[in-house]
Q: 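Dropping a structure here in structure tokens format, bear with me for questions.
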Amino acid sequence: MSEAKPILYYDDRSPPVRSCLILIKLLAIDVELRFVDLFKGDQFEKDFIALNPQHSVPVLVHGDLVLTDSHAILIHLAEKFDAAGTLWPRQHDARMLVLNRLLFECSFLFRRDSDFMSEIARKGFANVDVSYHERKLTEAYGIMEQYLEGQDYMAGEQLTLADISIVTTLSTVHLMFRLTRYPRLERWFAAMQQLDAYAANCRGLEKLRQTMERIGDFQFPPTSNSQTPAD
Ligand SMILES: N[C@@H](CCC(=O)N[C@@H](CS)C(=O)NCC(=O)O)C(=O)O
């Protein structure tokens, strides 16, 4: 199985996809990329639905294994390709903490980000209750601020899959809502942006910004992509 080259079905406007792309770059994994244009409905094509009935990206095909969730993909790739074993720690408690953060990303942060972005796409920005979503998303900011108390990364003192999973969604939310009131989170985000592999997030994030502005008929706040300390 592991001899086969992994295939990643992707649309890099998707935060979960971008987390996979960051990990792939970080570990220099040789992956074949196949684009699925979510905004053209490619995810509903018969062949893709056969692969992933949930009609979502990312999907990773690695030999006989088909994974249809970014968190499972991150874990799989780390187990196969992270020789150092730090991104998905070998020690049980440390690994469970990373898993807990991955589930936070999946069930809380991404859910809320996705609710916001989907509503903009569905109704147009002018018809969205932005302060409702701001409350929901800044609650998530507050939780992450707490996670970072006394530690530099989301699940301890070293970079793990938790950071890689969270940073792409955080960067998406950050297109709209500033981090000024969350100093630890702001510092962590700035540090994540210094990683070479973070470059794998940038193109898709910018594409998402442009797509959302076009279909939602609005503009994100102008400074949102500049990562100055005052941002
Ligand atoms: N929990 C999943 C979420 C995947 C997901 O919702 N992907 C979105 C893009 S961000 C998608 O493909 N949506 C298309 C659709 O649902 O039709 C993961 O982490 O992979």
Side-chain angles (χ1 to χ4, degrees), residues 6-26 29 31 33-62 65-80 87-88 98-123 128 133 136-137 140 144 154-155 160-176 200-216 220:
I7 301 167
L8 184 76
Y9 291 82
Y10 81 107
D11 180 327
D12 52 356
R13 287 167 291 193
S14 151
V17 162
R18 285 185 261 123
S19 295
C20 296
L21 295 175
I22 290 178
L23 184 67
I24 286 165
K25 187 169 168 66
L26 189 68
I29 306 168
V31 171
L33 294 174
R34 293 191 187 164
F35 187 63
V36 177
D37 192 330
L38 294 180
F39 290 84
K40 289 202 175 126
D42 290 357
Q43 72 273 36
F44 299 108
E45 294 289 333
K46 199 163 141 274
D47 288 353
F48 189 74
I49 289 284
L51 199 59
N52 180 13
Q54 283 175 266
H55 53 81
S56 60
V57 289
V59 172
L60 188 87
V61 179
H62 195 184
L65 185 65
V66 179
L67 297 174
T68 61
D69 181 273
S70 67
H71 308 87
I73 294 170
L74 293 175
I75 292 169
H76 170 71
L77 292 177
E79 287 193 357
K80 292 287 171 192
L87 296 169
W88 179 238
V98 175
L99 178 61
N100 204 149
R101 297 292 181 264
L102 293 177
L103 295 174
F104 162 77
E105 197 285 331
C106 185
S107 64
F108 199 101
L109 178 63
F110 175 74
R111 195 70 283 131
R112 291 177 179 210
D113 170 54
S114 171
D115 286 349
F116 182 42
M117 296 294 161
S118 313
E119 205 179 325
I120 295 174
R122 225 175 34 248
K123 297 182 176 169
V128 172
H133 291 284
K136 292 287 189 187
L137 285 158
M144 290 182 281
M154 288 293 169
T160 67
L161 296 183
D163 303 285
I164 293 169
S165 177
I166 287 173
V167 75
T168 56
T169 305
L170 188 276
S171 69
T172 305
V173 179
H174 179 257
L175 289 174
M176 181 56 76
N201 188 47
C202 297
R203 187 163 162 269
L205 180 62
E206 184 51 31
K207 277 167 64 181
L208 178 70
R209 168 210 282 280
Q210 289 172 14
T211 302
M212 292 306 302
E213 288 184 347
R214 179 171 48 76
I215 59 182
F220 286 105

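No hydrogens, no waters, no symmetry mates; every other heavy atom, side chains included, goes into these values. For ligands, and for the atoms within them, numbers begin at 1 and follow the listed sequence.
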Q: How would you list, by chain and number, every residue that makes a side-chain hydrogen bond (donor to acceptor under 3.5 Å, both in side chains) with Asp11, sequence neighbours excluded?
A: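 Here the qualifying residues are Arg13.
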
Q: Just by modelled atom types, is the Met154 backbone N or O under 3.5 Å from a matching donor or acceptor in the Asp163 side chain?
A: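 Checked: pair present.
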
Q: Sequence neighbours left out, what passes side chain to side chain contact (heavy atoms under 4.5 Å, CB included) with Asp115? Give chain and number order.
A: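 So Asp115 forms a side chain to side chain contact (heavy atoms under 4.5 Å, CB included) with Arg111, His133.
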
Q: Return the protein residues near ligand 1 (heavy atom under 4.0 Å from any of its atoms), ordered by chain and residue number.
A: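 Within 4.0 Å of ligand 1, protein side: Ser14, Pro15, Pro16, Leu38, Gln43, Phe44, His55, Ser56, Val57, Pro58, Asp69, Ser70, His71, Cys106, Phe110.
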
Q: Does NZ or CZ of Arg112 fall inside the cone over Phe108's six-membered ring, less than 6.0 Å from its centre and within 45° of the axis?
A: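 Judged by the rule, Arg112 and Phe108 form a cation-pi pair.
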
Q: Quick one: list whatever passes side chain to side chain contact (heavy atoms under 4.5 Å, CB included) with Gln54, sequence neighbours left out.
A: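 In terms of side chain to side chain contact (heavy atoms under 4.5 Å, CB included), with neighbours along the sequence ignored, Gln54 is linked to Asn52, Ser56, Thr68.
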
Q: Quick check for you: to the nearest 0.5 Å, what is the distance between Thr211 atom OG1 and Glu206 atom CD?
A: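 Answer for the OG1-CD pair, Thr211 versus Glu206, is 9.5 Å.
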
